Structure formats: C-alpha cells, structure tokens
Amino acid sequence: MNASEKTPYYITTAISYPNGLPHIGHAYEVIATDAMARFKRLDGYDVRFLTGTDEHGQKMQQTADKEDMDVRVLTDRNTEYFKDLQPALNISLDRFIRTTDEDHIEAAQAIWKRMDEAGDIYLDTYTGWYSVRDEAYYAEEETEVADDGIRYSRETGTPVDWTEEETFFFRLSAYRDRLLAHYEENPEFIGPAQRRNEVASFVRGELRDLSISRTTFDWGVPVPGHPDHVMYVWVDALTNYLTGAGFPETESESYKTYWPADLHVIGKDIARFHAVYWPAFLMSASLPLPKRVYAHGFLFNKGEKMSKSVGNVVDPVALVNTYGLDQFRFFLLREVPFGQDGSYSHDGIVGRMNADLANDLGNLAQRSLSMVAKNCDGKVPEPSSLDDADEELLAKSQALLAKCRSDFEVQDFHRALESIWTVIGETNRYFSAQQPWVLRKTDPERMNAVLYSTLEVLRVASILVQPVMPDSGAKLLTLLGQDDGGAGDDADGGDDGGARDFAALGTRIVPGTDLPKPTPVFPRYEEPGA
RNA sequence: GGCGGUGUAGCUCAGUUGGUUAGAGCGCACGACUCAUAAUCGUGAGGUCGCGGGAUCGAGCCCCGCCACCGCUACCA
C-alpha cells in the first residue's frame, strides 16, 4: 500500500521553548505522541508527526543577554539538545520544526496577512500596569498601592508602572460565539472532558481582544509591513502546525493531505492557547480547524513538582540509561492516566518494569518459548485441535485490537495497556492451569495445543505493544518467528511491517514456523548491591 | 469570591439506568508447583464506600447540608 491510498493522520506535540535543557516533561509529551503516531502507522494510516522548538520571544532574548551571547547562537545551541533527545527516545518524527526556519517565518507572515485581510487586526494602544521585573502587565485589580505610595503587583510584589505601548490587536472578542458553537458541535475537540469544561467556561465569560505584537524587543517574526513590530510569540508558535503541513502553499500535495491536523498533543498549561486562540486565528484566516487538542497532565518527582531550587530536576536520558528506554516509555504510559497529573519514582518504575514486563510478559514468553525450543524441535507446534479453554483465550486476545483502538482514539493509553496486561495475566493463569510440562509426558498433542495458543496470544500482545515499546515488541516478534517487512520497511516506525502491523493480527501464527533460540527480552531490575 | 471536579481496602483506582456476601492491580501473610527471568499459580487478611440528614421495600450510586483536597478564573512560555 503506498501513502496515497492510506488515510492521512497528522499529529503534533507542542513545540518546546529551548530556554533551558529538556526535562522529563518534554520526554513525556513526545513519547506519548510517538506512541500515538506509531499506533496509527501500524493501523495503516499515512502518518505525519511533527515536533520542534519555539525559539522566539523576549525570554530567549533575555537569556541570551544574560549569558552575553547572540540570541541566535543560544537558540542554535539549545535546540540541539532538543533535537538530540528525539533519537535517544526513539521518536519516529517526520520533521523537527524550528520557528526560526525560513518556511515558518513565511507561514507566520502569511497567516497574519490572512487575519489582517479578514479585518481582524487593528492598531491600538496597550495600556496597563507593567512590571519590568516580571515582564508582565497586570490588571488594576491585580495590583495594590502600598504604604509607601508605590503600586505593586499583589502576586509577585514587584513595582508596576503605568505603561502604554502601541501594538496590534486581534479581534478575539468577535469569535466568542463561534468558538462556543464549535465546542458544542465537536465535543471531541478538546480532551480530556474536564479541560473542555474549563475552556468553555473561560470563553463563556467576556473575551477580550488580544494584543498580538510587540515593539519592546525584536527577537521574533516581523509583522508584514511593520518591521518595528514583531509578532506575539503565540501567533508565531501556533502557526508551526500549519508550516509543518506545507502552509502557506495551500495547493501543495502536503497541505492538502495533512491539514487540518488530526491531533495536537499539549500540556494542560497551554490548553487555552490551543483551544481558544488557535481556532480563532484559523477561523479568521479561513482555514480548517484541527480535529482535536488533547491536554495531558504533569509528571511530578515523587509527588513533588520538579524545580531547580529543590534540586529534583531529572534528565530523561539518565532515566533511560538506568532503566532502559522501552521500560521508561512503558512506565510513563502505563502508570499515569494521560489526562491527569502523575508522579514517577524509582520504586514506581522498578515495580512496573519487574512486575509487568519481566515477570508477566517477559517470563510468559520465556517459559513458553523455552518449552517449544526443547520439546517441539524449535518450531511453532501444530495443534491437532483446540478446546474451549484455548479458544476462549484466543478470542480474548482477538478482542484487544478494538479495545486498543478505542482507547488510543481518546489518548487513554494506560487503559489500552491495562487491557493487554489483563490478557497476559489470564494467559499466565491458563498456562499454569494447563500444565504443559505435565502434558509433555501424558498428552503431547494437548501440550502442542497449549503451547500454540500461548504463542498466538504472545504474537498478538507483541504486535499491540509496539507503539509503546518499539524495540521490545520487535524483539518478541523475532522470537516468535514473525518477520519484519524487509526492504519495504521504512526507517521511521516499522511501517509496512507485514507480519508485524495490525493488519496481521487476525492471521494466526503458522504451525511449523522456525523459531530462534529464546532469550529474555525484559531484564529484571536488581538493586545495586542488593 | 465564582465556575468545575474529586473524596471507595496500606497504595493507585473500577464500580453501568439504585437491587442479593462492594471489586481489580500492587503490597502483605500462608500454601502449591517447578515449564520459566527467585519467575508463575492458589488461598487469605484488610473497607461504618469523607461526615450528617432525607425520600425509597432497598443507596457507594438519588436529594439537601457540611468538611477536605484539586483544577480553571487571559496576554512569561
């Protein structure tokens, strides 16, 4: 099947602000998005997966000033860290986009022009109480005059001055009703549901027009026709999703194929930008809206927020080195419901990697495959007949695809994995109850049926586990004699997997298939010095 | 303050339109087995379902009140 016959699926992460080093939050988002992208590829979609960096804005400029370096040098340097993270996490991206890329600058200016031509942009004066130290404007009620007669921000206690700045405004207020109607008619537009309620209630209040340009610094995309203004970073940043699809070339094959995006995966802190401003910009520009925005939760270190001052900031690559990449990926997606906050800890990760991976799945593979190696001449045994227990087990494994599809469709990764592990658990119970090591002496035909059924469940589980654990799934499938796609296999995610993609799930493992010598796939984590 | 959500076994959570002894995973205790990565399987302990009222033959599920915790409440990203 070539790309043009497949249904397109365009998925993005938020782009990262490379103001510092990547942390576990960046890893979490991109790993989850990668699992989603891989799932869709294995399910036969023509996937385009975009991630990258958001490099403009005052913060970057200030960080560069502080380090006494050119902002371009800084952003080039830091962006490399984010780029390097992708292969380290086995991310199957199609493009790493930077908002400093030339085509993106063009795209940002193009959407600006469209919004302008729609009559939604006007020049006005932004006034408010500005805190130089916080680099932020505050509303009157967010400030108070202290005993010394000076006005301060209530929240941060920094002095504020009355400031007026000429900026361009976007007529956001005009889109209130259309946004509400869109949420109403497309309940899947924002997930999880709780986030949708928050966003809708925000919009239901009064929407004020948005200041979308700045003149106090110049590290940004110049406003067309007004080189003294740079675009507010969110206009620039959000547009990356369009750039990644080929905008402004709206007649290009790429744009026509991939826009509108199917899913923007973001953190819950930026839900409003993606679920309010972004659709409003697109409506103004007469461009189709993305189908869904999903706001995931945050990860905490043993329940505590990561912070430099507490000193519990964790480098994701260090975790990968300690526990293994697939183990880390599995932990993130199995342990924490994606839409909720969660926490990670050494004990939590070790628990998952030993109990779920080494003991449940890894050991099931090892115990069954080593029996096959010793008693079935290293070939998938031929079952002369399958009894009710066998068929019941196989039926449960066959039901998993539909369950995983519906769970992935709404980013309930942990539920999909949970249901796979329920079947793995049942298979371990089945294996123990059937006692093939006894049948070996008493009823070899029956032993063959039990081993065959077990390998078949393992095959199904291995295929389904690939989006989350690409390498381990592949290893298991090799142990099960399931070839990869060979020459047609593309580099980015096991497309055209032949026996390894979801289209193969319904075709039972073939008796007589030669199997390699079994080796453990998931090592146990042993405490050093224990 | 306003709007929304949550509160069920030691921990993380399921509990459909109210109906017999409230469930799962992990952890713990005991036992079994030996194919397997000291893995697996079985059994068990443990809950006044946040608190107090109410309508019902009957409520973890419905109504009222209270308490606790969490999220959102616009221009740093």
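Not measured: the values here are computed from a predicted model. Lettering of chains follows the sequences in order, A, B, ..., and the numbering in each one begins at 1.
Taking atom CZ on A/Phe300 and atom P on B/U12, their separation rounds to 15 Å, with Å as the unit. Rounded to an integer number of Å, the gap from CG of A/Leu207 to P of B/C75 is 13 Å. Taking atom CZ of A/Phe298 as the reference point, atom P of B/A77 lies 15 Å away to the nearest angstrom. The distance between atom CD1 of A/Ile270 and atom P of B/C75, rounded to the nearest whole Å, is 16 Å. Between the CD atom of A/Gln340 and the P atom of B/C13 there is a distance of 7 Å, rounded to whole Å. At whole-Å resolution of the value, CD1 in A/Ile420 and C1' in B/G25 are 16 Å apart. Rounded to whole Å, the distance from OH on A/Tyr430 to C1' on B/U40 is 16 Å. Rounding to whole angstrom units, NE2 of residue A/His414 and P of B/G25 are separated by 16 Å.
B/C13 and B/U73 have their P atoms separated by 23 Å, with the value rounded to a whole Å. Straight-line distance between the P atoms of B/G44 and B/G58: roughly 33 Å, to the nearest whole Å. Using atom C1' as the reference point in both B/G7 and B/G47, the two lie 14 Å apart (nearest Å). Comparing the same atom, C1', in B/G19 and in B/A59 gives a spacing of 10 Å after rounding to whole Å. With both ends at atom P, the span from B/G53 to B/C61 equals 14 Å, rounded to whole Å. Distance check on atom C1': B/A74 versus B/G65 gives 35 Å, rounded to whole Å. Using P as the reference atom, B/C66 and B/U56 are 24 Å apart when rounded to the nearest Å. Look at the P atom in both B/A32 and B/U20: the space between them is 37 Å, to the nearest Å.
A/Glu392 is linked by a side-chain contact (heavy atoms from CB on, under 4.5 Å) to A/Lys396, counting only residues two or more places apart in sequence or in another chain. Residues satisfying the ring pair (Phe, Tyr, Trp, His ring centres under 6.0 Å) test with A/Phe431, not counting sequence neighbours, are none. Residues forming a ring pair (Phe, Tyr, Trp, His ring centres under 6.0 Å) with A/Trp421 (at least two apart in sequence, or on another chain): A/Phe330. Judged as a salt bridge (charged side-chain N to carboxylate O under 4.0 Å, His left out), and not counting sequence neighbours, A/Arg292 has no contacts. Judged as a side chain to side chain donor-acceptor pair (under 3.5 Å), and not counting sequence neighbours, A/Ser16 has no contacts. The side chain to side chain donor-acceptor pair (under 3.5 Å) check on A/Asn359 picks up A/Arg524, with sequence neighbours excluded. Legend: residues meeting salt bridge (charged side-chain N to carboxylate O under 4.0 Å, His left out) with A/Asp120, ordered by chain and number and at least two apart, are absent.
Under 4.0 Å is where a charged nitrogen must lie from a carboxylate oxygen, and between A/Glu184 and A/Arg196 no such pair does. Classification of A/Asp412 and A/Lys403 as a salt-bridged pair fails, no side-chain N sitting under 4.0 Å from a carboxylate O.
The six-membered or imidazole ring of A/Phe82 lies away from that of A/Phe96, with a centre-to-centre distance of 6.0 Å or more. Between A/Phe189 and A/His182, the gap from one ring centroid to the other is short of 6.0 Å. Residues A/Phe408 and A/Phe413 bring their aromatic ring centres within 6.0 Å. Ring centers of A/Tyr130 and A/Trp162: at least 6.0 Å apart, outside the cut-off. Not less than 6.0 angstrom separates the ring centroid of A/Tyr323 from the ring centroid of A/Tyr344.
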Please encode protein proximity along nucleotides 31-38 of chain B as a string of B, S and -, counting only heavy-atom distances under 4.0 Å. --SSBBB-
Just by protein heavy atoms under 4.0 Å, how would nucleotides 68-73 of chain B read 5' to 3' in B, S and -? ---BSS
Go through the steps to decide whether A/His229 and A/Phe168 satisfy the test side chain to side chain contact (heavy atoms under 4.5 Å, CB included), and finish with yes or no. CA-CA 9 Å; A/His229 288 252; A/Phe168 286 100; 3.6 Å; yes
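Residue A/Asn19 is classed as having no contact, given no heavy-atom separation below 4.0 Å to the nucleic acid. Note on A/Arg208: a base of the nucleic acid sits closer than 4.0 angstrom, heavy atoms only. Using a 4.0 Å heavy-atom distance criterion, A/Trp421 is classed as making no nucleic acid contact. A/Gln434 comes within 4.0 angstrom of nothing in the nucleic acid, heavy atoms only.
The nearest heavy atom of RNA chain B to A/Gly205 and to A/Trp234 marks one nucleotide each, and the one closer to the 5' end goes with A/Gly205. Projected onto RNA chain B by closest heavy-atom contact, A/Tyr126 and A/Arg415 fall at different nucleotides, the more 5' of which corresponds to A/Arg415.
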Per-nucleotide pairing state of RNA chain B [Watson-Crick or G-U, under 3.5 Å; [ ] pseudoknot-crossing; | other strand]: (((((((..((((.....[...)))).(((((.......))))).....(((((..]....))))))))))))....
Using residues 272-281 of chain A as the side-chain source, report each donor-acceptor pair under 3.5 Å to any protein atom, sequence neighbours left out, with the distance given to one decimal.
| unit_1 | atom_1 | unit_2 | atom_2 | d |
| --- | --- | --- | --- | --- |
| A/His274 | ND1 | A/Ile270 | O | 3.2 |
| A/His274 | NE2 | A/Tyr241 | OH | 2.7 |
| A/Trp278 | NE1 | A/His264 | NE2 | 3.2 |

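Between B/C75, B/C41, B/C76, one nucleotide has an atom nearer to the side chain of A/Arg214 than all others, and that is B/C75.
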Pairwise N/O distances under 3.5 Å, protein to nucleotides 27-29 of chain B:
none

